[in-house]
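Notes follow once the structure below has been shown.
Remember, it's 1-based here, ligands and their atoms both numbered in the order they're listed.
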Amino acid sequence: MRRILIAGNWKMNLTALEARVLVASLRSDIDRDAAALARDRDVLIAPPAVLIPAVSQALAGASIALGAQNMHFEDQGAFTGEVSAPMLKGFGVTHVILGHSERRHVFHENDDLINRKILAAARHRLTPILCVGETQHEHDAGRALEVVLTQLQAGLSGLYPQHRGEVMVAYEPVWAIGTGRNATPEQAEHVHGAIRESLRDQFGQEIADSIRILYGGSVTADNVDSLVSKPNIDGALVGGASLKADSFARIVRARVD
Ligand code: 13P
């Protein structure tokens with residue numbers, strides 16, 4: 001069955017010093033139970049690009065994987081301010097969050113650009129975590145599934161068969177991000193089920209069943225258990241609550257009923 005993934009998206013937070021302190025506290029907490037946790041779950045943190053070298057060093061020998069929050073689709077070239085997959089891989093990065101709603105809405109990334117990044121990540125064997133989610137306005141208009149499934153199909157289009165099982169999806173309703181208003185487990189499960197069905201149409205049953213679909217949007221220690229207990233919710237992408245060692249460590253220990 002699918003393993004749970006608890007991923008922390010630090011967004012644009014922390015200095016190198018603060019990052020080292022946070023990783024040290026996380027390690028002293030999570031590494032203690034590493035063997036037990038490793039039985040059914042994975043843990044990942046995604047710091048800002050400039051902190052990746054420091055965090056990579058601080059994570060040496062830890063059971064926590066390292067992710068990036070974005071990347072360019074080209075390997076190198078005249079793309080001021082960007083970082084590429086080979087650069088990230090050089091620091092032990094294994095996952096990359098792509099198409100986050102802040103990239104879509106603040107930086108105007110569209111489905112086509114996100115798709116090029118997904119294909120580049122897969123080609124470099126970095127696991128892409130494709131984020132999808134509807135805005136409040138789209139939600140109120142009853143268009144959540146239409147928006148999410150369009151983003152999903154566009155984001156994953158053109159993947160080679162050998163890469164299809166290596167992607168992850170994160171459903172992050174925009175109205176739940178940083179608002180303290182998470183989707184209820186039932187609301188999230190409804191969308192996750194539709195995502196799974198769409199993956200089945202796109203890639204077939206076996207691959208669809210193996211792809212992890214995370215939920216993100218105001219996940220806390222108090223609501224994570226009921227979310228990840230739903231059959232199609234395979235983990236959490238955590239923003240604010242991943243910036244404190246105690247809350248993230250508690251989320252990592254989510255109870256799946
Ligand atoms: P919050 O957990 O702060 O709502 O952020 C969610 C998110 O955007 C994770 O990628």
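- The line from CD of Gln69 to NE2 of His100 is 8.5 Å long, rounded to the nearest 0.5 Å.
- Residues passing the side chain to side chain contact (heavy atoms under 4.5 Å, CB included) test with Arg20 are Ala16, Ala54, sequence neighbours excluded.
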Ligand 1 polar-atom proximity to protein (N/O, under 3.5 Å):
residue	atom	partner	partner atom	Å
ligand 1	2 (O)	Gly239	N	2.9
ligand 1	3 (O)	Gly240	N	2.8
ligand 1	4 (O)	Gly178	N	2.6
ligand 1	4 (O)	Ser218	N	2.8
ligand 1	5 (O)	Lys11	NZ	3.2
ligand 1	8 (O)	Lys11	NZ	2.8
ligand 1	8 (O)	His100	NE2	2.7
ligand 1	8 (O)	Glu172	OE1	3.4
ligand 1	10 (O)	Asn9	ND2	3.0
ligand 1	10 (O)	His100	NE2	2.9
ligand 1	10 (O)	Glu172	OE1	3.2
ligand 1	10 (O)	Glu172	OE2	2.9

Could you tabulate the donor-acceptor pairs under 3.5 Å formed by side-chain atoms of residues 27-40, not counting sequence neighbours?
residue	atom	partner	partner atom	Å
Arg27	NE	Asp31	OD2	2.9
Arg27	NH1	Ala58	O	2.9
Arg27	NH1	Ala60	O	2.7
Arg27	NH2	Asp31	OD2	3.4
Arg27	NH2	Ala60	O	3.2
Ser28	OG	Ser25	O	3.1
Asp29	OD1	Arg32	NH2	3.3
Asp29	OD1	Arg253	NH1	2.9
Asp29	OD1	Arg253	NH2	2.8
Asp31	OD1	Ser63	OG	3.3
Arg32	NE	Ser28	O	3.4
Asp33	OD2	Arg253	NE	2.9
Asp33	OD2	Arg253	NH2	2.9

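- Considering only residues two or more places apart in sequence or on other chains, Gln136 meets the side chain to side chain donor-acceptor pair (under 3.5 Å) condition with Asp140, Arg181.
- Note on ring orientation: taking the six-membered ring where Trp is involved, the planes of Trp175 and His139 are tilted (angle from 30° to 60°).
- By the neighbour-count criterion of 12 heavy atoms within 6.0 Å, atom CD of Glu186 is densely surrounded, having more than that number from other residues, nucleotides or ligands.
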